[in-house]
Amino acid sequence: MPELPKRPDMLIRGFSVFKGAIDPAGQARIVECLRDVVAAAPLFSPQTPYGKPMSVRMTSAGRVGWHADRTGYRYTTHHPNGTAWPPIPKPVLDVWRMVSGVDRDPDCCLVNYYGEGARMGLHQDKDEADFRWPVVSISLGDDALFRVGNVTRGGTTESLWLGSGDVVVMGGDARLAYHGIDRTRFASSQLLPKGGRINLTLRVAV
Ligand code: SIN
Ligand code: FE2
């Protein structure tokens, strides 16, 4: 059985926000684990079907990884370099177990690295097979301005700054809400030696 989920500190458009859910030691432990992930499955710059590369660099851990290229978006069993994705680190799974409220572990941990100037346009997470499972997002490093809209395109949006150690659960009626990152405050955090932000999204994908 999963532990009882912690109560969120706030709700934004149905997304549950847990501020500072991961303490600095826990954040450092996760970053250490991610060094092994990135050594096995190096960050790459995904191309989009629109021909424009994404400004984040990306890799994955888990049974499947998320991949974007000219032909579309999908989950794959292997990194573009041909190696199987490394396992999701235990301290990352522990966060999912604490907040997700479900008793199945995720099969994908997408790793997004935001260097200076990186952003992510408003989008839905909709490449998964079953939207009843939540998506859990972990923020590490620099502050980021997170924008949340509606489950259909357009309409008003709300924004909030996410800091290192914050966790967001995108689930329930808000599972398909549009969201994105407008900008980060580069080098606002000392967690990563060269600055930048890492966002992990955990998904039950297949
Ligand atoms: C995402 O939607 O995949 C990333 C969100 C974030 O970077 O906080
Ligand atoms: Fe997303």
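Remember, it's a predicted structure, so these values are computed and weren't measured experimentally. Just the heavy atoms: all of them, side chains too, but no hydrogens, waters or symmetry mates, feed the values below. All ligand and atom numbering here is 1-based and tracks the order in the structure. Residue indices begin at 1 and follow the sequence shown.
- Of the protein's non-hydrogen atoms, N199 OD1, 3.7 Å is the one closest to atom 5 (C) of ligand 1.
- Among protein heavy atoms, the minimum distance from atom 7 (O) of ligand 1 is reached at Y114 OH, 2.5 Å.
- Comment: E32 engages R35 in a salt bridge, judged by a side-chain N to carboxylate O separation of less than 4.0 angstrom.
- Pairs passing the salt bridge (Lys or Arg N to Asp or Glu O under 4.0 Å) check and including a residue from residues 150-173, sequence neighbours excluded, read R13-E158, K19-D166.
- Shown here is R104, whose CZ atom has more than 12 heavy atoms of other residues, nucleotides or ligands within 6.0 Å.
- Every N/O-N/O distance between S139 and ligand 1 stays at or above 3.5 Å.
- Between the NE2 atom of H179 and the OD1 atom of D125, the angle centred on the Fe ion (ligand 2) amounts to 90° when rounded to 10°.
- We find that E116 and R197 are not joined by a salt bridge, their nearest charged nitrogen and carboxylate oxygen being 4.0 Å or further apart.
- Each of the atoms 6 (C), 7 (O), 8 (O) of ligand 1 lies under 4.0 Å from some heavy atom of I181.
- Proximity of the aromatic rings of W85 and H79 is defined here by a centroid distance below 6.0 angstrom, and this criterion is met.
- The closest heavy-atom contact to atom 8 (O) of ligand 1, among the options H179, R197, M120, comes from R197.
- By the 4.0 Å N-to-carboxylate-O rule, D107 lies too far from R203 to be salt-bridged with it.
- Contact annotation: for N112 versus ligand 1, heavy atoms closer than 4.0 Å belong to the side chain alone.
- Taking a cutoff of 4.0 Å between a charged side-chain nitrogen and a carboxylate oxygen, D103 and R97 do not qualify as a salt bridge.
- Among the atoms of H123, some N or O lies under 3.5 angstrom from an N or O of ligand 1.
- Residue-level check: among N/O/S atoms of H123, NE2 sits closest to the Fe ion (ligand 2).
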